[in-house]
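Everything on this sheet refers to the single structure shown next.
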Amino acid sequence: MISILKYGEVSNDEIFARGTAVTDVSAIVSDIIANVRSNGDKALFEYCKKFDKAELTSLEVSEEEIQEAFESVEPRFIEILEKAAANIRAFHEKQVRNSFIINDNDGIVIGQKVIPVEKAGLYVPGGTAAYPSTVLMDSIPAKIAGVKEICITTPPNAEGKVNPVILAAAKIAGVDRIFKVGGAQAIAALAYGTETVPRVDKIVGPGNAFVAEAKKQVYGLVSIDMIAGPSEILVVADGKSNAKYVAADLLSQAEHDKMASAVLVTDSMDFAKAVSDELEIQIPLLTREEIARVSIDNNGKIIVSDNLMRAIDIANEIAPEHLELCVDNPFDYLDKIKHAGSIFMGRYCPEALGDYFAGPNHTLPTTGTARFSSPLSVDDFVKKTQYTYYTKEALERVADDVAFFAEKEGLSAHARSATVRFED
């Protein structure tokens, strides 16, 4: 059963404690990366046999497999995927940055070029559940950014097949290549390249502890989006909220995995108890009952605060991945939220809208990193290059200033590089 904590009556350490610690897998992941780096495809085939129980003859999904999968998916789901893709595309198109140029000073031109990364690798989980939503969320911003080659890695089943809904989503999103590789070995392949899997410039997408650790270890060789932890939801709700709705929203994240955390912060003890009771009613009805039960019992909590503003302060301190504001007039509180990956406003905006359909991205900062990082966006798939042009006359006007500045830092060669052009 979920814990109910009264703010001010228990320690802050208990209020703000995070969920179950992730097991240290760094040594295992390091060995996997070294093996893939040394042995390429051979290592990938071996890991696929070991972890996925699949005997593969090819690592790459063929066009025939993609088309067959697309045709096997029920038409209604194809239609929903296309609607979701349109919403995601419309939202992310607003994020596109433009290059700029400044040339309003005589003889001086400065500017910035926005350039897409050439190759992006998207990791799509395929373990306890398949996530076509992740395919759309990660690949559409890359496509909008102008990435030339978008590659997906995702684990196959024991028959060596990728879930058809993942392939259908990839086709709708315009993914270029798909590989039957999962786990830390997929991240290693994308970072170093193999005979089949190309080396990419950026790796994005959620995964288990092994995937997160692999991304951490290859960062620097390639760019990554973030080190994602277990899924999180925090609901701020007043006593007028519907306990059935809020319990359902908490369970929408608890069912992800046993380490997921679901937190309610409310100003009403009666409502807290009602949600606790409702969770006990709803958990046995879930198809992933066991996972949700462990998540709620081990990592879930209900925090009762004195008032709604205190509840928001607590939410800001936790800085959750998903934050629901289940209150009247939620826009009155929007500016008070300082730290959250994505905010869901009002009593009829379940977090699941963001997971699948509304348009804002669902790849979000976790474990408090919303204090300093952002959701996946078009910005993740571009880089910016600056340029500067000065005529001789423009440089002559400032050469002494540049030299004086350089001398203050003790860098005489810097100084002379500005003045040497005028010594004659």
Side-chain angles (χ1 to χ4, degrees), residues 18-26 29 33 88 91-92 95 97 116-117 119-127 131 133-145 147 150-154 182-184 186-191 200-234 253 256-257 259-261 316 318-323 337-343 351 354-355 359-384:
R18 298 232 170 234
T20 308
V22 177
T23 303
D24 183 5
V25 297
S26 56
V29 169
I33 291 173
I88 295 164
F91 179 84
H92 288 82
Q95 297 175 337
R97 293 178 181 267
V117 300
K119 294 183 180 181
L122 319 179
Y123 187 85
V124 178
Y131 297 113
S133 56
T134 295
V135 176
L136 300 181
M137 291 289 181
D138 290 0
S139 56
I140 289 174
K143 203 77 176 177
I144 291 169
V147 176
I150 302 170
C151 304
I152 280 179
T153 58
T154 190
I187 304 303
L190 291 169
V200 302
D201 304 302
K202 180 103 182 196
I203 300 173
V204 307
N208 61 18
F210 294 90
V211 170
E213 177 62 28
K215 287 169 71 177
K216 184 177 180 181
Q217 291 191 22
V218 301
Y219 176 66
L221 176 69
V222 293
S223 179
I224 62 171
D225 52 349
M226 62 189 76
I227 307 295
S231 189
E232 307 165 345
I233 185 170
L234 186 148
Q253 293 307 293
H256 266 299
D257 65 67
M259 292 187 293
S261 68
N316 279 326
I318 293 173
E321 177 187 16
H322 307 98
L323 172 61
I337 303 297
K338 303 300 182 185
H339 308 302
S342 194
I343 306 171
E351 182 276 331
D355 273 349
N361 210 281
H362 81 189
T363 300
L364 303 168
T366 61
T367 60
T369 58
R371 290 179 294 109
F372 52 80
S373 58
S374 308
L376 188 77
S377 71
V378 172
D379 285 345
D380 283 283
F381 298 99
V382 299
K383 54 196 178 71
K384 295 172 277 289

message = For the CG atom of L190 and the CG atom of D201, what is their distance to the nearest 0.5 Å?
response = 11.0 Å
ask   = Mind checking what makes side-chain contact (heavy atoms from CB on, under 4.5 Å) contact with K383, not counting sequence neighbours?
value = I115
message = With side-chain contact (heavy atoms from CB on, under 4.5 Å) as the criterion, how do S133 and D355 come out once you've worked through the C-alpha distance, each side chain's angles and the decisive distance to 0.1 Å?
response = CA-CA 7 Å; S133 56; D355 273 349; 5.6 Å; no
key: K384 atom NZ, neighbour heavy-atom count above 12 within 6.0 Å   = yes
inquiry  = Ignoring hydrogens, what is the shortest heavy-atom contact between P125 and T134? Give both atom names and the distance.
reply    = CD-CG2, 4.4 Å
query = Is a side-chain N or O of T369 found less than 3.5 angstrom from the main chain of P365, in a donor-acceptor match?
reply = no
key: Atom pair CD/OG1 of E321 and T363 - distance to nearest 0.5 Å   = 9.0 Å
message = As an exercise, state the distance from CG of D380 to CD of Q95, rounded to the nearest 0.5 Å.
response = 9.0 Å
ask   = Heavy atoms, side chains only, cut-off 4.5 Å: are P116 and F381 in contact?
value = no
ask   = Where do V25 and A209 come nearest, in terms of heavy atoms and distance?
value = CG2-O, 3.7 Å
note = Residues passing the salt bridge (charged side-chain N to carboxylate O under 4.0 Å, His left out) test with K143, sequence neighbours excluded, are none
query = In Å, rounded to the nearest 0.5 Å, how long is the span from CG of L376 to CE of M137?
reply = 10.0 Å
ask   = Residues in side-chain contact (heavy atoms from CB on, under 4.5 Å) with N316, at least two apart?
value = I312, I337, K338, H339
query = Which heavy-atom pair separates P206 from D138 by the least distance, and what is that distance?
reply = CD-OD2, 4.0 Å
query = NE2/H256 to CD/E232 distance, rounded to the nearest 0.5 angstrom?
reply = 11.5 Å
request  = Please check if any side-chain donor atom of Q253 sits under 3.5 Å from a side-chain acceptor atom of S231, or the reverse.
outcome  = yes
request  = Return the minimal non-hydrogen interatomic distance between A142 and I150, and the atom names on each side.
outcome  = CB-CD1, 3.8 Å
Test side-chain contact (heavy atoms from CB on, under 4.5 Å) applied to S26 - qualifying residues, sequence neighbours left out = D24, E213, Q217
key: Any donor-acceptor N or O pair under 3.5 Å, side chains H362, S342   = no
ask   = How close do P141 and N361 get, heavy atom to heavy atom, and via which atoms?
value = CG-ND2, 3.7 Å
Shortest non-hydrogen separation from I227 to A212 and the atoms involved = CD1-O, 3.8 Å
task = Could you point out which residue of I233, L234, T367 forms a side chain to side chain contact (heavy atoms under 4.5 Å, CB included) with P320?
result = L234
message = Please report the interatomic distance OH(Y123) to CG(D225), rounded to the nearest 0.5 Å.
response = 13.5 Å
task = Only counting residues at least two apart or in another chain, list the ones meeting side-chain hydrogen bond (donor to acceptor under 3.5 Å, both in side chains) with D379.
result = R97
task = Name all residues meeting the side-chain contact (heavy atoms from CB on, under 4.5 Å) criterion together with V218; count only those two or more places apart in sequence or in a different chain, and write none if there are none.
result = I33, I187, A191, Y192, I203, V222
